[in-house]
There are 2 protein chains.
Amino acid sequence: MARKTANRRVGITDVAQRAGVSLASVSRVMNGNFSVDPDIAARVRAAAAELNYHPNAVGRSLALGKTDTIGIVVPDLANPTFQGMLRGVSRAAAQDGYRVLIADSSEVSSEESILAGEARRRCDGVVLCAPRMNEAELEALLPSLQPLVLINRSTADTQTPSLVVDYGQGIQDLAAHLVELGHTRLVFLAGPERSAGNQARLQGLEKFRVDHPEVELTTLPAGSSFEAGHVSAVAVLATGATGVLAFNDLVAMGLLSGLHERGVDVPGDISVTGFDDIPFANYTTPPLTTAAVAINDIGEQAWHELRQLLGDGDPEPAHTTFQPELKRRGSTGRVKKPTLS
Amino acid sequence: MARKTANRRVGITDVAQRAGVSLASVSRVMNGNFSVDPDIAARVRAAAAELNYHPNAVGRSLALGKTDTIGIVVPDLANPTFQGMLRGVSRAAAQDGYRVLIADSSEVSSEESILAGEARRRCDGVVLCAPRMNEAELEALLPSLQPLVLINRSTADTQTPSLVVDYGQGIQDLAAHLVELGHTRLVFLAGPERSAGNQARLQGLEKFRVDHPEVELTTLPAGSSFEAGHVSAVAVLATGATGVLAFNDLVAMGLLSGLHERGVDVPGDISVTGFDDIPFANYTTPPLTTAAVAINDIGEQAWHELRQLLGDGDPEPAHTTFQPELKRRGSTGRVKKPTLS
DNA sequence: CGAAATCGAGAAAACGTTTTCTGGAAAGGT
DNA sequence: ACCTTTCCAGAAAACGTTTTCTCGATTTCG
């Protein structure tokens, strides 16, 4: 390793030398270890200040066996949901002096496992949000990631806490809300097929169907983005439905935009619901009725679980379910005229 | 350090022992070093596989003097602009096998310097976006962060590349666009006072004033969030202006929402412009006229600059300026009636 | 006053790698 | 056939800390 410009980096050795003490003493002083002569401590501190010494994190990590860093794997940093999660984790972890290493798998499931492994090797623990990874692969990966908390995936493994959102219940609440407003012809704009969240919504809707046999509910493949919602506008209109359950807020916003372009009034002609309650949902025109997911709380909670795991005890890992909360806003309204059938 | 459950972690030593070779050979094999006997290589690989060995990143970092990690300091992870930047940096860095450590300063400038320093100590380099930090503090901090690229801050230091957006020009373009549409009474919804970006916009508008003495331009303090824009609606209406230059897209969207609630038609009664062209800007009703900032490109470019610095050569650090691009959309239109004056 | 207990600072081992150094064997040249 | 060069595997140093261990000095107690 070519030493650039003589000895550039100032280490603990330099401080020790300058203060005329041993390495050990410097280390003790730097770590606030008592039982060290005040005079020595002062000399060390002075030397450290003069040399502008800052302990090397890597050396420290090696000696201590911890990095004070956790990894978080998300499918897509462009998605507000994962951004919120990341933010929640990051802020909470920062409170405890931990930093966060991010890994964006770009929605490709093969990357998810690689990134998770790599992140784990660099960090003390991992928060894994991998909705696409298949069940078997996940189970196989679990042991090697060990201090780990799962988001929106469940596992039999008793070691790993998991935080899941009850998408099934949320979508039922939204559907029920529409029915309450008199809608009897609904359409669901589905998300990515392989997505665990989409599966959960579909199951919820299945349950809804048996509870409300009088409601006509069709499903249209869409996606999880603005564009997906935007291009779905025409298909939605073709169904003649008066209420739309979009996969998430992004799709709903895209749809809102598409409907607006076609002169369709929301909620006058059609009611639209989203999912997640991203910050923007409150500021669309009209404001979006949606199922609020406390995504920041989930991130925060994820950190707290992980912190438990990193600490000593193994206090039963929690398997927490978050209930979405229905937010009634302007994008849903009473059905104008009963559907002719 | 208490070894948990006998020897848990499998290290290079275990592999060497199992393969019946020395540490050095294992290391050579793992790093694809040629000039190692094929037989030995095979044995090592087999042993590594059997033991499920993965090299310890910290040990590796210490020996190599590099972490393959960069830090990025942003003021607020909730802001779409910084989210985009982060995403750009992260994706680009990932392409080259680097990971990103995030530090969210929560908009407090004192944190910015601490976090930057800490990030630098853990990583090989830093991307710093610290709009609030004062000039002096920044200059003082620069040397200690050295492989570093600045975003939206300039510096005399020739060592550090910086990427800045020409907010001054962008806001002038937007203003000119409104003038072109016949507006003569404009209002600027200002951002946070201390923000460098806000200063740049104000300077641009000053220039605009001298170029267009016929236009009446007032400034209203607002902020950088939805809420800021939302609550500004009444103040904006009070000015009697027909064109509004919002600090950014968030403020514009909040304003749009506030105006809608009051039954004010956009762009019929008032034209509104944003800034940044965040992904949502395309899907508001009406779609937002704004100045597009290629924020993902900036993130990507930031990584490329940093990669240069991390590599050997010192090929003059670029000081790049990004020009916003005017996006004409539905939120601006011809002024309905000439302002009486 | 002497021996045991206490204390604190320095020497050295440890963390898990990579890489230089070294020495023995094989290969090549005269 | 002998000497020199080449090659490659293993030993050891290095990276920058923390922490255990050791040992001399000071204190305390009998």
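These values consider heavy atoms only, across backbone and side chains, with no hydrogens, waters or symmetry-generated copies. Quick note on labels: first sequence line is chain A, next is B, and so on, each numbered from 1.
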May I have the distance from [X] (atom [atom1]) to [N] (atom [atom2]), rounded to whole angstrom?
X     : N      : atom1 : atom2 : answer
B:K66 : C:dT18 : NZ    : C1'   : 13 Å
A:D14 : D:dT17 : CG    : P     : 9 Å
A:R9  : D:dC15 : CZ    : C1'   : 12 Å
B:M30 : C:dT19 : CE    : P     : 14 Å
A:L64 : C:dA14 : CG    : C1'   : 12 Å
B:L62 : C:dG16 : CG    : P     : 12 Å
B:L23 : C:dT20 : CG    : P     : 16 Å
B:D68 : C:dT17 : CG    : P     : 15 Å

Which pairs, protein N/O on one side and nucleotides 6-11 of chain D N/O on the other, fall under 3.5 Å?
| residue | atom | partner | partner atom | Å |
| --- | --- | --- | --- | --- |
| D:dA9 | OP1 | B:D37 | N | 2.9 |
| D:dG10 | OP2 | B:S22 | N | 3.2 |
| D:dG10 | OP2 | B:S25 | OG | 3.2 |
| D:dG10 | N7 | B:R28 | NH2 | 2.8 |

Does a side-chain N or O of A:N56 approach OP1 or OP2 of D:dC15 to a distance below 4.0 Å, or not?
no
Under 4.0 Å: is that the gap between some side-chain N or O of A:Y53 and OP1 or OP2 of D:dT17?
yes
[X] side, atom [atom1]; [Y] side, atom [atom2] - distance, nearest 0.5 Å:
X      : Y      : atom1 : atom2 : value
A:S162 : A:H319 : OG    : NE2   : 4.0 Å
A:D68  : A:D96  : CG    : CG    : 10.5 Å
A:D104 : A:E111 : CG    : CD    : 9.5 Å

Decide yes or no for B:K66 and B:Y98: does some side-chain heavy atom of the first lie under 4.5 Å from some side-chain heavy atom of the second?
yes
Salt bridge check: are B:R132 and B:E107 linked by an N-O gap of less than 4.0 Å?
yes
Do A:E139 and A:T155 get their side chains close enough for a donor-acceptor pair, meaning under 3.5 Å?
yes
